[in-house]
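Presented below is the structure to which this report refers.
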Amino acid sequence: MYHIMVYITAGSMDEARTIGRELVSGRFAACANIHPMSSIYWWNDELVEDDEVVLIVKTTGDKFEELKEKVSSLHSYDLPCIISWKITGEKNYLQWISDETGKL
Amino acid sequence: MYHIMVYITAGSMDEARTIGRELVSGRFAACANIHPMSSIYWWNDELVEDDEVVLIVKTTGDKFEELKEKVSSLHSYDLPCIISWKITGEKNYLQWISDETGKL
Amino acid sequence: MYHIMVYITAGSMDEARTIGRELVSGRFAACANIHPMSSIYWWNDELVEDDEVVLIVKTTGDKFEELKEKVSSLHSYDLPCIISWKITGEKNYLQWISDETGKL
């Protein structure tokens, strides 16, 4: 068992909240943290500047495949940013992530 | 010697600033970065939506245990989010983290 | 081939946008996400509190050395925060990072 953060971008606060609620209520993640940001990226060979939103969720490594499918099914983007990395930390908090994502 | 980022959540900007100042002034971390966010999480089997604050601090792996104790002692939450991951980067900046957290 | 996030801090939104545009337009990174934050840190043995900006970019591990040089050359700080960690994630998104940073 290991734990991960997943960094997802969304097109608006509404979209980020909708995805965050679905991920947490469906036990794909224990919690979601959302904040607005400005982005700069290549799209179809154009340099685009946009207002977007970051959605960071905390879950277990086991949940990543399902979470990824869920985000892709909800997302307005063809190619959503869904990236993750392993975390460690305060053991009771990690246990809480495991417990909350384990309840079905 | 390795370096880490620690991701902590707080209930308000005031709480985040208080914890950040204590961590940096006490040499538990070299610096703290703070921004507001919206969160969605399970608490006592209720789906909660809340305004919270993210506090990201940069320190050495050696400091993590003490930092965790310090955050827990200052925090208003029973189960604060304190998670971390290893970082690498520009070597003079990493050296600065080591230097600042090594001064006592 | 592996992928990384790079966490950079800047002194203003203007500086962060300038660095972000240069990194993405020069193919040092596939995208940049920017948000304001408050920071607390040691500088010349003084505890400083400041308004700064976070710039998070996504790229490949191969690009890190060049990206670091580019950021240092553009940055107003003597010792900019340039830290990174490995990421994994949705394979088409990772492929997109590789593709965008590979076009020259």
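A note on names: the letters A, B, ... follow the listed sequences, proteins ahead of strands, and every chain is numbered from 1.
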Considering only heavy atoms and a distance below 4.5 Å, find which of C:G20, C:A29, C:A16, C:S25 pairs most often with chain A.
C:S25
Report the option among C:M13, C:K86, C:E90 that has the most heavy-atom pairs separated by less than 4.5 Å from atoms of chain A.
C:E90
Would one find more than 12 heavy atoms of other residues, nucleotides or ligands at under 6.0 Å from atom NZ of A:K103?
yes
Once you round to the nearest 0.5 Å, how far does CZ of A:F64 lie from OG1 of C:T88?
6.5 Å
Taking C:I87, C:I97, C:V54, C:V57 one by one, which has the highest count of heavy-atom pairs under 4.5 Å against chain A?
C:I87
At a heavy-atom separation under 4.5 Å, does C:L55 approach chain A through its side chain, its backbone, both, or neither?
neither
Is C:H3 close to A:I83 at the side-chain level, that is, under 4.5 Å between some pair of heavy atoms?
no
Heavy-atom distance under 4.5 Å to chain A: side chain of C:L23, backbone, both or neither?
neither
Straight-line distance of A:I82 CD1 to C:N92 CG, nearest 0.5 Å:
10.0 Å
Do any of residues 32-52 of chain C have a heavy atom less than 4.5 Å from a heavy atom of chain A, and if so, which, in residue order?
C:A32, C:N33, C:I34, C:H35
To the nearest 0.5 Å, what is the distance between CE on A:M5 and CH2 on C:W85?
9.0 Å
